[in-house]
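The structure appears right after this line, and notes come after that.
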Amino acid sequence: MERSTQFGSSQQLTRRQLIRRTLAIGVALSSSASLLAACGGGAQPTPTPAPQAAQTPAAAAEDKLEIFSWWTNPGEADGLAALFEIFKQRRPGVEIINATVAGGAGTNAKAVLVTRMQGGNPPDSFQVHAGQELIGTWVVAGKMEPINDLFEQEGWSKVMPKTLLDQISYKGEFFSVPVNIHRSNMLWYNKKVFADNGLEPPKTLDDFFAVAEKLKAAGVTPLSVGGKDKFEVPHLFEDLLLAVFGPADYTKLFSEPSLWESDPRVDEAIEVLDRFLSFANEDRSALSWADAAQRVIDGTAAMTIMGDWAYGYFINKGAKAGEVFGWAPSPGTDGMFMWLSDSFGLPKGAPHRNNAIEWLKVCGSREGQDAFNPKKGSIPARTDPDRSVYDEYLLYSIDRFAQDALAPSVVHGAAANEAYMTEYGNALNVFSASRDKKQVKSMLIEAARELKT
Ligand code: GAL
């Protein structure tokens, strides 16, 4: 796996070639699915036994469970461990293989997963975002088992919001179990730095620039941004797009690709990003999202804009909400909730299928979600949580999700297909180093060709 930290033009070409290769693998997966469908004389999915039909004595003897994810950081790793604990209580003799590939937003993990799936070596279950990342990459390619019977048996469709159920279904069948909902558009700030400088968290984009100027004058880095895992600047941009376009028009950007060329608000959002980056640390290509968040609780930077897995990170680090750090919607997005959801599915050919099904039951259970989410910094995918186990930020987030205007995250798999997301991300990472507005605009227009209308 190539890990570049610079964005020189020759290196950029190499990265672009790498993306093309990765996409080619994705296309190969989709083509083999079409081929299978064609051989079967239609678009019928390959028949698979219902999940619970696998409870045979042979299956019961399975002694392992391999779970694949990118949850290695404080907070997210704690949430995963909490799910494992529940699984262990239910299947005491089973050894859990915690197959993690580090790298925020799964940039590295997703490439490894493609190789494993293509090589016929799937894990028993893997982390995948609800939405196009699940459907476009794996379901349409015929790589996942439908799990309708499990949904029926566990009553999940009655306790999960329709918005979410729509993102995990294809042609009337369910394909993964959502374990949470994260919010992408959050601003986290250092309470003391703000108090010392007599500042309030910025509500609008203009507020942000005013606050950032004051912080800069006071010698504090206003905005802490990562870049090591190649999703951090693309993530910041989706939140700024939301601020500039509002939820309805932001969402249209992914169904009407011509808007990237015709709508002047794209230029406005690029301009805003450029200004945001002028208030950010310059060493971002060396920093993960967690490193960037750490600077906020250390007080060496004032703010970071990141999904609420940062909240899980902060509480793991012992930083007290309301004392060490505070939160607000990212500037210009009050009343808007950019959502994404982590889920787990059942790949065809899972070596320990029976254990995988038990794992999915844990993921979808109230017990599992109420153990996982308070540590992860996310809210449950279920609408019937035990609210007493969630703290102030998470209760706020549960209520915001119920009331705010929702918009799907592009960087975290909900809004668009993987091919688009890769090209979009590449454009923003090039911009992070070059700050060439004309170039990023044309790269974003080119990326939009990957959007299927
Ligand atoms: C997101 C994922 C989160 C968190 C984050 C940082 O894509 O949905 O659960 O892991 O990446 O890696």
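In this chain, numbering begins with 1 at the start of the sequence shown. Both counts, for ligands and for their atoms, begin at 1 and track the order of listing.
Looking only at atom types and distance, the side chain of Thr221 has no donor-acceptor partner in the side chain of Arg295 under 3.5 Å away.
When Trp188, Tyr393, Trp327 are each tested for a side chain to side chain donor-acceptor pair (under 3.5 Å) with Asp308, only one passes: Tyr393.
Those atoms of ligand 1 that come under 4.0 Å of a heavy atom in His129, given as number and element, are 1 (C), 2 (C), 7 (O), 8 (O). Here is the list of ligand 1 atoms found below 4.0 Å of a heavy atom in Lys376: 3 (C), 4 (C), 9 (O), 10 (O). For ligand 1, the atoms closer than 4.0 angstrom to any heavy atom of Glu76 are 4 (C), 6 (C), 10 (O), 12 (O). Residue Gly104 approaches ligand 1 through these ligand atoms, each under 4.0 Å from one of its heavy atoms: 12 (O). For ligand 1, the atoms sitting less than 4.0 Å from at least one non-hydrogen atom of Leu340 are 8 (O), numbered in the order shown with element in parentheses.
In terms of protein heavy-atom proximity, atom 12 (O) of ligand 1 is nearest to Ala105 N, 2.9 Å. Here the heavy atom of the protein found nearest to atom 7 (O) of ligand 1 is His412 ND1, 2.7 Å.
To the nearest 0.5 Å, atoms CD1 (Ile97) and CZ (Phe68) are separated by 13.0 Å. Between the CZ atom of Arg387 and the CG atom of Asp399 there is a distance of 4.5 Å, given to the nearest 0.5 Å. Atom-to-atom distance recorded for Asn185:CG and Ser409:OG is 9.5 Å, nearest 0.5 angstrom.
Taking each of Trp289, Tyr313, Trp71 in turn, the one with a heavy atom nearest to atom 6 (C) of ligand 1 proves to be Trp289. Across the listed options Asp342, Val411, Ile181, Val179, Asp342 owns the non-hydrogen atom lying nearest to atom 2 (C) of ligand 1.
Taking the six-membered ring for Trp and thresholds of 30 and 60 degrees, Phe194 and Tyr189 have ring planes inclined between 30 and 60 degrees apart.
Considering both main-chain and side-chain atoms, Phe231 never comes within under 3.5 Å of ligand 1 through any nitrogen or oxygen pair.
Judged by distance alone, the side chain of Arg284 and the main-chain N or O of Asn281 form a donor-acceptor pair under 3.5 Å.
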